[in-house]
Structure formats: structure tokens, C-alpha cells
Amino acid sequence: MGAQGALRRDAERNRRQLVETAKVVFAERGLEAPLDEIARRAKVGNATLYRRFPSRGLLVAAVFEDALREVVAATERALAVSAEDPWAAFAEHLTFLCEVQAGSRAIADLLTATVSGVPELETLRGRAFRGLTALIDRARAAGVLRPDFQHEDVVPVLMANAGLVERTAESAPTAWRRQLGYTLAGLRAPAKTPAEPAPDRVGILRAMHALAERNGLTS
């Protein structure tokens, strides 16, 4: 019993080291970070990593499930106050999402990538996105968000922010705030100029799936 208990403690310690290390490495290098690098920095063998987490998606879920739960909770808080000030609820929540992206390259991608084979992550991401679309609907109905802004439009906004964060993290880490300010100014009604045609929903889903494939999150 003592030997078995020691083995269980070792296994749990290895798992904890892997998850904590993966959180740092994914934040630095994105979801496509080499798993071998995570094992090396966690000071465990590759076999241990693959035994504990047979797929990249399972490791991503262990690292980021709580973070996505926080995003869902933030979405629900924004919805709770949106009736009083639908523009502030939408703008502040979009700012929150961009700030979350700025804190982690992995989260930046995870918010806009499909995650097949990891239902808990896809369920949470889906809840967060549905809440965000509800904020969009309420702001549009109140006449404070330009009427031609569609649900699909928010995905390119977040993808663009992710790219900006990645390219300016070291040299200009707050550049995303200024860019987002311009974006929000352009989204507030009344619109000064008409927008180009909305992105095709199927095309957006393909882009999200391509991002998941690049990051090794498809089964």
C-alpha cells in the first residue's frame, strides 16, 4: 500500500508539473508549442507526458478549462448588465476578451479555434460565443451597435487582435488597446460609412478549423 501510494503521489506530481509547465509554454509560444519542449521543461520524460495526455487537446483542456470557465462567467456577468447599458456591456466584454488574449498566446487562439475531440472545451467555447452573440443582438436592437455588424464579424476581430498581440508583445505590449479603441469607435452606431459585405459563415468556420489544425487540436 505504501509503495502504491508513493507511485500515485509521483504520478500526481508529474501531472501537476506538466500542466503548470504547459500553461507557461503555451502562453509563450501558442497552442502549437512542441510537446517535447513541455516535457523537457517539466523535467519528465516524453513517455510520461504522452501517457498522461495522449493528445494535445487533452493537455490543452487540463491547462485552460478553468480559464474558459472564467470567460463564460464574464460573459454571463456582461449579459446581466446589458439591459441597462447594452453598448457598455458589449464594448467592455470585447475589451475583456482582447485583454485575455494579450495575456496568453494560447488563449488568443483558443477563443477562435474549433476544438474537436475535447467536448468540455468546445462546450465552454460555444457557451462563451453564444453569450457574446447575445450581447451583439442586444446592442444592435438598442441602436447603439451598427446594424450591419454580424455575429461572424466578431471572429475576425478577435483573430486580428491575436495577430497584433503576437507581433507586438515584446516591443509594444499595449498596442492592442489603441487598435481596439479604433475598432469600437467604428462599430458604434450610427455608422459613418457602410461596411463591406459580411464574411461568409462557412468561411469563418473553415478559418476556425484551420487554426485548430495548425495547433494540433483536431482529432
Side-chain angles (χ1 to χ4, degrees), residues 19-34 37-38 41 56-57 59-79 81-82 87-115 118 121-122 124-133 135-136 139 145 149 151-188 199 204 207-208 210-212 214-217:
V19 170
E20 291 173 354
T21 302
K23 184 175 183 178
V24 173
V25 176
F26 282 144
E28 293 173 353
R29 303 184 58 175
L31 294 176
E32 73 272 26
E37 169 74 2
I38 293 171
R41 287 171 61 170
R56 181 182 296 269
L59 178 58
V60 169
V63 174
F64 293 111
E65 184 174 352
D66 286 345
L68 281 184
R69 289 189 185 282
E70 291 175 8
V71 170
V72 170
T75 308
E76 292 171 350
R77 289 193 296 270
L79 286 169
V81 301
S82 62
W87 172 257
F90 166 74
E92 290 173 9
H93 187 61
L94 186 58
T95 300
F96 163 78
L97 292 176
C98 290
E99 188 169 25
V100 168
Q101 288 184 307
S104 169
R105 282 185 57 188
I107 289 290
D109 286 344
L110 193 57
L111 289 179
T112 54
T114 58
V115 188
V118 192
L121 283 190
E122 191 61 11
L124 289 170
R125 197 192 60 76
R127 286 176 60 190
F129 186 74
R130 286 192 296 274
L132 180 53
T133 60
L135 290 171
I136 291 170
L145 177 65
F149 188 76
H151 296 162
E152 290 78 18
D153 287 314
V154 77
V155 176
V157 169
L158 292 174
M159 285 182 169
N161 187 67
L164 179 62
V165 164
E166 179 181 349
R167 287 159 177 78
T168 61
E170 298 297 327
S171 58
T174 61
W176 67 270
R177 290 188 180 276
R178 182 176 177 86
Q179 186 63 34
L180 179 61
Y182 288 134
T183 299
L184 288 172
L187 292 178
R188 190 156 194 177
I204 291 296
M208 295 171 71
L211 180 60
R214 190 193 78 183
N215 291 324
L217 295 177

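Computed over heavy atoms, backbone and side chain alike; hydrogens, waters and symmetry mates excluded. Keep in mind that what you see is a predicted model, and the values were worked out from it rather than measured. Note that the numbering runs from 1 along the sequence shown for the chain.
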**Request:** Any chance you could lay out the side-chain contact (heavy atoms from CB on, under 4.5 Å) test for Leu184 and Phe90, step after step, and finish with the verdict?
**Result:** CA-CA 10 Å; Leu184 288 172; Phe90 166 74; 4.2 Å; yes

- [ ] In sequence, state the C-alpha distance, the side-chain angles, and the governing distance for Arg125 and Glu122, and then conclude on salt bridge (charged side-chain N to carboxylate O under 4.0 Å, His left out).
- [x] CA-CA 5 Å; Arg125 197 192 60 76; Glu122 191 61 11; 2.8 Å; yes

Q) Would Arg41 and Glu28 count as a salt bridge (charged side-chain N to carboxylate O under 4.0 Å, His left out) if you check the C-alpha gap in whole Å, the side-chain angles of each, and the deciding distance to 0.1 Å? A) CA-CA 13 Å; Arg41 287 171 61 170; Glu28 293 173 353; 3.2 Å; yes

Legend entry - Leu110/Phe26 under side-chain contact (heavy atoms from CB on, under 4.5 Å): CA gap, chis, key distance, verdict: CA-CA 11 Å; Leu110 193 57; Phe26 282 144; over 6 Å; no

Can you see which heavy atom on [X] is nearest to which on [Y], and at what distance?
| X | Y | result |
| --- | --- | --- |
| Ala175 | Thr168 | CB-OG1, 4.1 Å |
| Gly131 | Leu79 | O-CD2, 3.7 Å |
| Ala169 | Pro173 | O-CB, 3.5 Å |
| Gly57 | Leu121 | O-CD1, 4.4 Å |
| Val154 | Phe129 | CG1-CE1, 3.6 Å |
| Val19 | Val63 | O-CG2, 3.7 Å |

Arg167 meets the salt bridge (Lys or Arg N to Asp or Glu O under 4.0 Å) criterion, sequence neighbours left out, with none

Arg177 meets the salt bridge (Lys or Arg N to Asp or Glu O under 4.0 Å) criterion, sequence neighbours left out, with Glu99

Decide side-chain contact (heavy atoms from CB on, under 4.5 Å) for Arg77 and His93; before the verdict, give the C-alpha distance in whole Å, the side-chain angles of both, and the deciding distance to 0.1 Å. CA-CA 9 Å; Arg77 289 193 296 270; His93 187 61; over 6 Å; no

* To do: Ignoring hydrogens and angles, tell me if any N or O in the side chain of Ser104 forms a donor-acceptor pair with the backbone of Val100 under 3.5 Å.
  => no

> Is it true that a side-chain atom of Arg56 and a backbone atom of Leu31 form a donor plus acceptor pair closer than 3.5 Å?
Replying inline: yes

Check your understanding: Step by step, would you call Leu145 with Arg188 a side-chain contact (heavy atoms from CB on, under 4.5 Å)?
Key -> CA-CA 5 Å; Leu145 177 65; Arg188 190 156 194 177; over 6 Å; no

If we only count heavy atoms from C-beta on, is the Leu97 to Leu132 side-chain gap below 4.5 Å?
yes

- Query: Does the side chain of Arg130 reach to within under 4.5 Å of the side chain of Thr75, using non-hydrogen atoms?
  - Reply: no

side-chain contact (heavy atoms from CB on, under 4.5 Å) with Phe64: of Leu59, Val71, Leu124, Ile107, only one passes, and it is Ile107

When rounded to the nearest 0.5 Å, the distance separating CG of Leu94 from CD1 of Ile136 is 8.5 Å

dist Asp153:CG -> Leu187:CG (nearest 0.5 Å) comes out at 8.0 Å

Could you give the side-chain donor-acceptor pairs of residues 158-166 under 3.5 Å, partners two or more places apart or in another chain?
residue : atom : partner : partner atom : Å
Asn161  : ND2  : Cys98   : O            : 3.4
Asn161  : ND2  : Gln101  : OE1          : 2.8
Glu166  : OE2  : Arg105  : NH2          : 3.2

Query raised in the report: Taking atom CZ of Arg127 as the centre, does the number of heavy atoms from other residues, nucleotides or ligands within less than 6.0 Å exceed 12?
Result: no

